[in-house]
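Below, chain A is the first sequence line, B the second, and so on; all start at residue 1.
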Number of protein chains: 2
Amino acid sequence: MNIAFEKQTGLDAHQEDRARAVRDELRDAIVDRRLAPGTKLSEAEVGTLFDVSRTVVRGALQMLAFEGLIHSERNKGAFVANPSPEEARQIFDSRRLIERGVIAAAAERMTADDFASLRQHLKEEERLRNDRGTRARREEIKASGDFHLMLADMAGNAILRKFMNELIARSSLVIALYGRTGISSCGRDEHADIINALEARDVEKANALMMHHIAHIEADLDLRSAETLSLREALQL
Amino acid sequence: MNIAFEKQTGLDAHQEDRARAVRDELRDAIVDRRLAPGTKLSEAEVGTLFDVSRTVVRGALQMLAFEGLIHSERNKGAFVANPSPEEARQIFDSRRLIERGVIAAAAERMTADDFASLRQHLKEEERLRNDRGTRARREEIKASGDFHLMLADMAGNAILRKFMNELIARSSLVIALYGRTGISSCGRDEHADIINALEARDVEKANALMMHHIAHIEADLDLRSAETLSLREALQL
DNA sequence: CGTTTCAATATTGTACGCAATCTAGCCACT
DNA sequence: AGTGGCTAGATTGCGTACAATATTGAAACG
């Protein structure tokens with residue numbers, strides 16, 4: 001476990017809820033794959049790295065377990081989730097369902113400001129796409145997910161927003177695991193097209209575009225490696 | 001807090017994961033309103049009642065907070081959730097969305113056994129509906145929710161199932177808070193109609209029936225009392 | 001008499017220690 | 001040499017003590 005942040009980030013910024021801070025750091029590390037699936041997250045080790053007690057670490061791990069990002073077994077410990085192809089399918093099926101609802105709700109509520117901030121975000125995505133290096137790739141994955149989360153925000157339903165948060169995080173993990181080209185599939189201006197359709201208040205079209213978008217992401221996955229993964233799971237989990 | 005179960009139930013059955021056992025007891029108590037919304041759940045008090053340490057209680061409370069059944073504030077404590085009318089709307093909007101997906105997935109996977117166990121469950125609901133007393137009412141609410149959870153099981157998507165679990169629990173809370181007649185709306189054989197449509201593999205009809213069903217439940221609520229509740233919230237929260 | 005301050009009390013947040021459980025490595029035995 | 005069991009080490013589960021924060025009540029002041 002070669003995490004190199006210690007307490008550089010806002011971990012000790014406000015001394016509020018350190019468990020949440022640790023969770024956020026771990027989640028980022030998992031989502032952009034600095035922590036490989038299957039990695040054991042030892043309470044003592046994590047605690048040492050973040051300079052907090054095991055009590056705090058346990059809180060953070062419990063939260064991550066709820067989000068499905070780690071998998072913890074009693075008396076065994078917590079491990080970074082290693083989603084099976086079947087789980088991957090379920091995640092994307094769920095996304096199709098929920099993003100449909102997000103589009104429908106957002107279409108009725110979005111303001112000019114919303115479109116402006118989405119377009120601002122698009123520029124950022126574009127910039128990252130042209131950058132090179134693994135760091136840019138990681139940020140690109142995160143930015144791509146953030147687009148969907150911004151839409152969920154604009155839908156104005158806190159529950160759907162929470163569900164999306166979980167689904168996006170787990171999607172990133174799946175893409176990291178099974179992605180062929182990384183995220184180039186997310187590449188072309190599909191996000192922009194969705195925004196345009198929404199601005200035209202064409203819900204049908206926005207929906208169709210979103211479904212295509214998700215289908216593209218899923219098509220970039222190589223879910224055949226089922227056996228390989230079951231094996232890995234059997235061996236190290 | 002007049003909970004009267006102590007350790008009568010399967011709490012100490014297996015000595016595994018007592019936090020989960022406490023969570024389940026508390027969830028039941030919240031969902032069928034033995035614990036009123038807004039009630040403070042003191043760690044020490046809960047611990048004494050269940051004869052476990054605060055550590056275990058904290059674990060249980062954290063889980064309930066994730067499910068949206070309690071609301072905990074730092075250095076203040078945990079309180080049984082007191083959903084606002086707006087939250088109630090969001091919960092039912094989310095249910096409409098997700099149950100649509102459940103119906104679609106279940107329709108393609110359900111077996112004869114599934115229909116049999118659903119019909120078995122219907123009989124149980126029917127029996128409870130004819131019983132009198134608050135205990136029967138509570139069990140009726142739970143059974144009514146279980147119907148939806150059984151369908152979610154049959155959809156074969158663990159993620160949707162988890163979402164439904166949360167939504168059903170929160171719905172029960174909302175119904176308890178805002179329900180006019182209790183659950184008579186859920187009464188007529190709407191569940192049975194849905195099963196019949198599913199068995200005929202008529203997804204469209206099943207969906208329409210489910211949407212009507214949810215609309216009926218929602219129509220039985222009195223969400224006007226917005227001010228009253230904000231006040232209550234302001235006073236006791 | 002109302003308001004404000006402050007101290008006493010209660011409650012939550014966190015660290016730590018011990019017990020229970022799992023893991024790994026070694027030795028004996030076939 | 002391979003297999004099985006056993007012991008030593010490591011890790012998690014949980015209780016408890018102490019620190020940090022909020023709440024309550026009374027007393028002092030305007």
*Asks:* Without decimals, in angstroms, what is the distance between Arg18(B) CZ and dT21(C) P?
*Replies:*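 To the nearest whole Å, that distance equals 11 Å.
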
*Asks:* Heavy atoms, side chains only, cut-off 4.5 Å: are Thr111(B) and Asp114(B) in contact?
*Replies:*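 In short, these two side chains touch, coming nearer than 4.5 Å.
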
*Asks:* With nearest nucleotide decided by heavy atoms, which residue, Arg54(A) or Ala19(A), maps closer to the 5′ end of DNA chain C?
*Replies:*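 Result: Ala19(A).
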
*Asks:* Quick one, which residues of residues 55-62 of chain B touch DNA chain D with a heavy atom under 4.0 Å?
*Replies:*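 Those residues whose heavy atoms fall under 4.0 Å from DNA chain D, taken from residues 55-62 of chain B in numerical order, are Thr55(B), Val56(B).
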
*Asks:* To the nearest Å, how far apart are Phe50(B) CZ and dC14(D) C1'?
*Replies:*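 In whole Å, dC14(D) C1' and Phe50(B) CZ are 17 Å from each other.
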
*Asks:* Send over the distance from Asp51(A) CG to dT14(C) C1', rounded to a whole Å.
*Replies:*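 It is 13 Å, rounded to the nearest whole Å.
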
*Asks:* What is the separation between atom CD on Glu45(B) and atom C1' on dT11(C), rounded to the nearest whole Å?
*Replies:*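 Rounded to the whole Å, the gap is 12 Å.
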
*Asks:* Between dT14(C) atom P and Arg20(A) atom CZ, what is the distance in whole Å?
*Replies:*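 Answer to the nearest Å: 11 Å.
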
*Asks:* Taking side-chain contact (heavy atoms from CB on, under 4.5 Å) as the test, write out the residues that go with Ala19(B), two or more places apart.
*Replies:*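 For Ala19(B), the residues satisfying side-chain contact (heavy atoms from CB on, under 4.5 Å) (neighbours in sequence not counted) are Asp17(B), Val56(B), Met63(B).
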
*Asks:* How many Å lie between CG on Asp17(A) and P on dT21(D), as a whole number?
*Replies:*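 Those two atoms, CG and P, are 13 Å apart.
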
*Asks:* Apply side-chain contact (heavy atoms from CB on, under 4.5 Å) to Arg138(A) and list each qualifying residue two or more places apart in sequence or on a separate chain.
*Replies:*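 Residues passing side-chain contact (heavy atoms from CB on, under 4.5 Å) with Arg138(A): Asp32(A), Arg34(A).
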
*Asks:* Rounded to whole Å, how long is the line connecting atom CD of Glu73(A) with atom C1' of dG13(D)?
*Replies:*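 So the CD-C1' distance, Glu73(A) to dG13(D), works out to 15 Å.
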
*Asks:* Can you list everything that forms a side-chain contact (heavy atoms from CB on, under 4.5 Å) with Ser117(B)? Sequence neighbours excluded, please.
*Replies:*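 Only Met150(B), Met154(B) meet the side-chain contact (heavy atoms from CB on, under 4.5 Å) criterion with Ser117(B).
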
*Asks:* Could you list the residues that satisfy salt bridge (charged side-chain N to carboxylate O under 4.0 Å, His left out) with Asp131(B), not counting sequence neighbours?
*Replies:*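 With neighbours one apart ignored, the set is Arg127(B).
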
*Asks:* Mind checking side chain to side chain donor-acceptor pair (under 3.5 Å) for Glu43(B) and listing every partner two or more places apart, or none if nothing turns up?
*Replies:*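 Result, side chain to side chain donor-acceptor pair (under 3.5 Å) vs Glu43(B): Arg54(B), Arg58(B).
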
*Asks:* Using a cut-off of under 3.5 Å, enumerate the N/O to N/O pairs linking the protein to nucleotides 22-24 of chain D.
*Replies:*
none

*Asks:* Side chains of Leu221(A) and Arg180(A), heavy atoms from C-beta outward: is any pair under 4.5 Å?
*Replies:*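 When only atoms from C-beta onward are counted, Arg180(A) and Leu221(A) do not touch, as no gap falls below 4.5 Å.
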
*Asks:* Who pairs with Arg100(A) by side-chain contact (heavy atoms from CB on, under 4.5 Å), at least two apart in sequence or on another chain?
*Replies:*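 Expected list: Asn207(A), Met211(A).
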
*Asks:* Which residues pass the ring-ring contact (aromatic ring centres under 6.0 Å, His included) test with Phe92(B), sequence neighbours left out?
*Replies:*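 Residues passing ring-ring contact (aromatic ring centres under 6.0 Å, His included) with Phe92(B): none at all.
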
